[in-house]
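Remember, it's 1-based here, ligands and their atoms both numbered in the order they're listed. All values reported here derive from a predicted model rather than from experimental measurement.
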Amino acid sequence: MTFDFFLSCGLCKFGPPNLHNMEKNKIDVVLGLQWGDEGKGKVVDVLTPSYKVVARFQGGPNAGHSLKWGDDSFVLHTVPSGIFRENTISIIGNGVVVDPVILQEEISQIETKAGDITERLVIARRAHLILPTHRMLDAASEAAKGKSKIGSTLKGIGPAYMDKTGRNGLRFGDVLSPSFRDKYEALKKKHLDMLALYPGFEFDIAEYEQKWLAAVESLKRFKFVESEILVNNCLENGLPILAEGAQGSMLDIDFGTYPFVTSSNTMTAGACTGLGVAPSKIGKVFGIFKAYCTRVGSGPFPTELFDATGEQLRQVGREFGATTGRPRRCGWLDMVALRYAVMMNGVTDLIMMKSDVMNDFDTIKVATSYKVGDRVYDHLPYGLEEEVEPVYTEFPGWKSDICSVRRYEDFPEAFKNYVKFIEEQTGCPVRIISVGPDRSEVVVR
Ligand code: GDP
Ligand code: IMO
Ligand code: MG
């Protein structure tokens, strides 16, 4: 797979004007700065016309990335969020873990709207497969944790990454090997032995396994590629690439609220390992955050609200999981976590989402530090699970509907003050503001 492939796909013509100052031969990154669900899908969809290639670099079908255009909408789980923009190639990168059943179903649904995408989607040979037994292991392990369960999406993410780092995993490249079925059976046997260690956990994978094997066959119509070569070829040839993250920085396996995290590196560094690009090739880092905070699943959330304000955020913001439908926990913007995420990701441009959800608020609060006992922290302490009391700064609400605003100067002063405060606190410019779920509801500064 070379640059010719892109030329043959008619990808040499460029789309609408750039929303960013593209640095030639660099890859730009979009990622979430909070606990996931910041609006990455929408942002990637909005930015894609400025790119030729969009590549997912980690996570798997635990992600749910929502897009909306007019009366149409879609939730993507594995396929990159640029797929509905023509003249763009989508790559499922080596850092992603893929459930063939979920991917196959997703592709079928996409094709009812976008037509045949065989030539527009490629899959990394090095991407690992989520087996039916990975899902069972996820479920068994969560059930065994009882009260301290992580609140996993139960898509088999943890067990699949465990097999990857344990050097047992199966990859897309294996699918084409004559010994694939033997390798599959050997790994399944290992998993069944492990599942026997969970007494009382009952399961039946027969039906899912049939669907899984059929999905693997059907995905063979796509090109399985050395995506690291493809990505680096694109960079050498000056084709603009956007890397799409899943989850959020506070769910990062190393720097998130461990153990209540996912099993991959969700930060900029994950784009390097998840696609095979050198750190020096990273261009812009678009860090996405909601104007407040949400979290789904268990784990520390210092600014969580258990009152009517939290419920208002959930109802107005429609904060229900795009993958599992679970109600999301809601709270005020957490500047301690946001500053940490901006630092750890090397964010160059902030993108603020869902401020319209707070249109009716009299007062808006932002946590600027934490108190733990007598100590005040302005950075994330190691033991976030201890009793943490947020120290808040209060702002008057803008008390007006900002959904129809399309130019920054037209925002109310109270809103601009809120943005200015965030920029001062993070040392980073807020370049894009989203004021509704639709791809048109966006203000670019
Ligand atoms: P992702 O996982 O980061 O892609 O985010 P999700 O799709 O899981 O959740 C974001 C939700 O917010 C989706 O339902 C979006 O349609 C919606 N959304 C995105 N941006 C905005 C916005 O600016 N305002 C409002 N009201 N909704 C938004
Ligand atoms: P997107 O890409 C929000 C959370 C789960 C759970 C923890 C571990 O849509 O932002 P896992 O399934 O990885 O074992 O779950 O991480 N989680 C997410 N929360 N958005 C996501 O993805 C998430 N993916 C995983 O709720 O707490
Ligand atoms: Mg989501």
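Looking only at atom types and distance, the side chain of H191 has a donor-acceptor partner in the side chain of D163 under 3.5 Å away. If you check the side chains of S81 and E244, you find a donor sitting under 3.5 Å from an acceptor. Y370 and D334 form a side-chain donor-acceptor contact under 3.5 Å, judged by distance and modelled atom types alone. No donor-acceptor contact under 3.5 angstrom links the side chains of Q58 and Y161, judged on distance only. No side-chain donor from either of E142 and S152 sits under 3.5 Å from a side-chain acceptor of the other. No hydrogens or angles considered: nothing links the side chains of T273 and N265 as a donor-acceptor pair under 3.5 Å. No side-chain donor-acceptor contact under 3.5 Å links E228 and N94.
Any N or O atom pair closer than 3.5 Å counts here, and G64 shares at least one such pair with ligand 1. Ligand 2 has no N or O atom lying under 3.5 Å from any N or O atom of V261, backbone or side chain. Geometrically, ligand 2 and T153 share a nitrogen or oxygen pair separated by less than 3.5 Å. Here's the thing with G41: one of its N/O atoms is less than 3.5 angstrom from an N/O atom of ligand 1. Ligand 2 has an N or O atom lying under 3.5 Å from an N or O atom of R326, backbone or side chain. Below 3.5 Å of separation, one finds an N or O of T262 facing an N or O of ligand 2.
Remark: ligand 1 atoms within the under-4.0 Å shell around heavy atoms of H65 are 1 (P), 2 (O), 4 (O), 7 (O). Distances below 4.0 Å separate heavy atoms of M353 from the following atoms of ligand 1: 20 (N). Those atoms of ligand 2 with a heavy atom of A63 less than 4.0 angstrom away are 1 (P), 2 (O), 9 (O), 22 (O). Close approach of ligand 2 to V296 (heavy-atom distance below 4.0 Å) involves ligand atoms 3 (C), 5 (C), 19 (N), 26 (O), 27 (O). Residue-ligand proximity, A246 to ligand 2, at heavy-atom distances under 4.0 Å covers atoms 2 (O). For ligand 2, the atoms lying closer than 4.0 Å to a non-hydrogen atom of I150 are 6 (C), 7 (C), 8 (C), 27 (O). For ligand 2 and W35, the ligand atoms under 4.0 Å from any heavy atom of the residue are 3 (C), 19 (N). In summary, the atoms of ligand 2 found under 4.0 Å from a heavy atom of K40, numbered by their order in the structure, are 1 (P), 2 (O), 10 (O).
Classified by interplanar angle (parallel below 30°, tilted 30° to 60°, perpendicular above 60°), the ring pair F361/W332 is perpendicular. Ring pair F255/Y340 is perpendicular by interplanar angle, where above 60° counts as perpendicular and below 30° as parallel. Using cut-offs of 30° and 60° for the angle between ring planes, the W398 and Y418 rings count as tilted. Between F84 and W69, the ring-plane angle classifies as tilted under the 30° and 60° cut-offs.
Within the 4.0 Å heavy-atom criterion, the part of L251 lying near ligand 2 is the side chain and not the backbone. For F260, no heavy-atom contact with ligand 2 is shorter than 4.0 Å. Counting heavy atoms closer than 4.0 Å to ligand 1, residue D356 contributes side-chain atoms (C-beta onward) but none from N, CA, C or O. Under 4.0 angstrom from ligand 1, the non-hydrogen atoms of V435 all belong to its backbone. Counting heavy atoms under 4.0 Å from ligand 2, residue R295 does not touch it at all. If you look at K155 next to ligand 2, there are no close heavy atoms at all, none under 4.0 Å.
Annotation for E207: atom CD does not count as buried by contact number, only 12 or fewer foreign heavy atoms lying within 6.0 Å. F320 CZ: more than 12 foreign heavy atoms inside a 6.0 Å radius. Around NZ of K189, the count of heavy atoms belonging to other residues, nucleotides or ligands within 6.0 Å does not exceed 12. More than 12 heavy-atom neighbours from other residues, nucleotides or ligands sit within 6.0 angstrom of CZ on R445. More than 12 heavy-atom neighbours from other residues, nucleotides or ligands sit within 6.0 angstrom of CD on E409.
Between the choices P437, G248, A322, A246, the shortest heavy-atom distance to atom 19 (C) of ligand 1 belongs to P437. In this structure, of K40, K354, K68, Q34, the residue bringing a heavy atom nearest to atom 1 (P) of ligand 1 is K40. The heavy atom nearest to atom 6 (C) of ligand 2, out of those in G151, G321, G297, is found in G151. Nearest-residue assignment for atom 9 (O) of ligand 1 (options M352, K42, R328; heavy-atom criterion): R328.
Among all protein heavy atoms, the one lying closest to atom 23 (O) of ligand 1 is S434 OG, 2.5 Å. Regarding atom 22 (O) of ligand 2, its nearest protein heavy-atom neighbour is Q247 NE2, 3.5 Å. Distance from atom 7 (O) of ligand 1 to its nearest protein heavy atom, with residue and atom name: S66 OG, 2.5 Å. Protein heavy atom at the shortest distance from atom 14 (O) of ligand 2 is S152 OG, 2.8 Å. Nearest non-hydrogen protein atom to atom 10 (C) of ligand 1 is D37 O, 3.7 Å. For atom 3 (C) of ligand 2, the closest heavy atom belonging to the protein is D37 OD2, 3.2 Å.
Shown are the protein N/O/S atoms under 2.8 Å from the Mg ion (ligand 3), given by residue and atom: D37 OD1, G64 O.
Of the charged side-chain nitrogens involved, at least one lies within less than 4.0 Å of a carboxylate oxygen, so that E311 and R314 count as a salt-bridged pair. Residues K113 and D72 are paired through a salt bridge, judged by an N-O separation under 4.0 Å between the basic side chain and the carboxylate.
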List the atom pairs, with distances to 0.1 Å, where a side-chain N or O of residues 435-444 and a protein N or O form a donor-acceptor pair under 3.5 Å, not counting sequence neighbours.
unit_1	atom_1	unit_2	atom_2	d
D438	OD1	S440	N	2.9
D438	OD1	S440	OG	2.9
D438	OD2	G70	N	2.7
R439	NE	D45	OD2	2.9
R439	NH2	D45	OD1	3.1
E441	OE1	D438	N	2.8

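Residue G64 places a heavy atom less than 4.0 Å from ligand 2. The closest approach between G317 and ligand 1 stays at or above 4.0 Å for every heavy atom of the residue.
Q34 places no side-chain N or O within 3.5 Å of a backbone atom of T294 that could act as its donor or acceptor partner. Using a distance-only test at 3.5 Å, with no hydrogens or angles considered, a donor-acceptor pair links the side chain of T266 to the main chain of G248.
Between Y51 and R85 the shortest side-chain heavy-atom distance does not fall below 4.5 Å.
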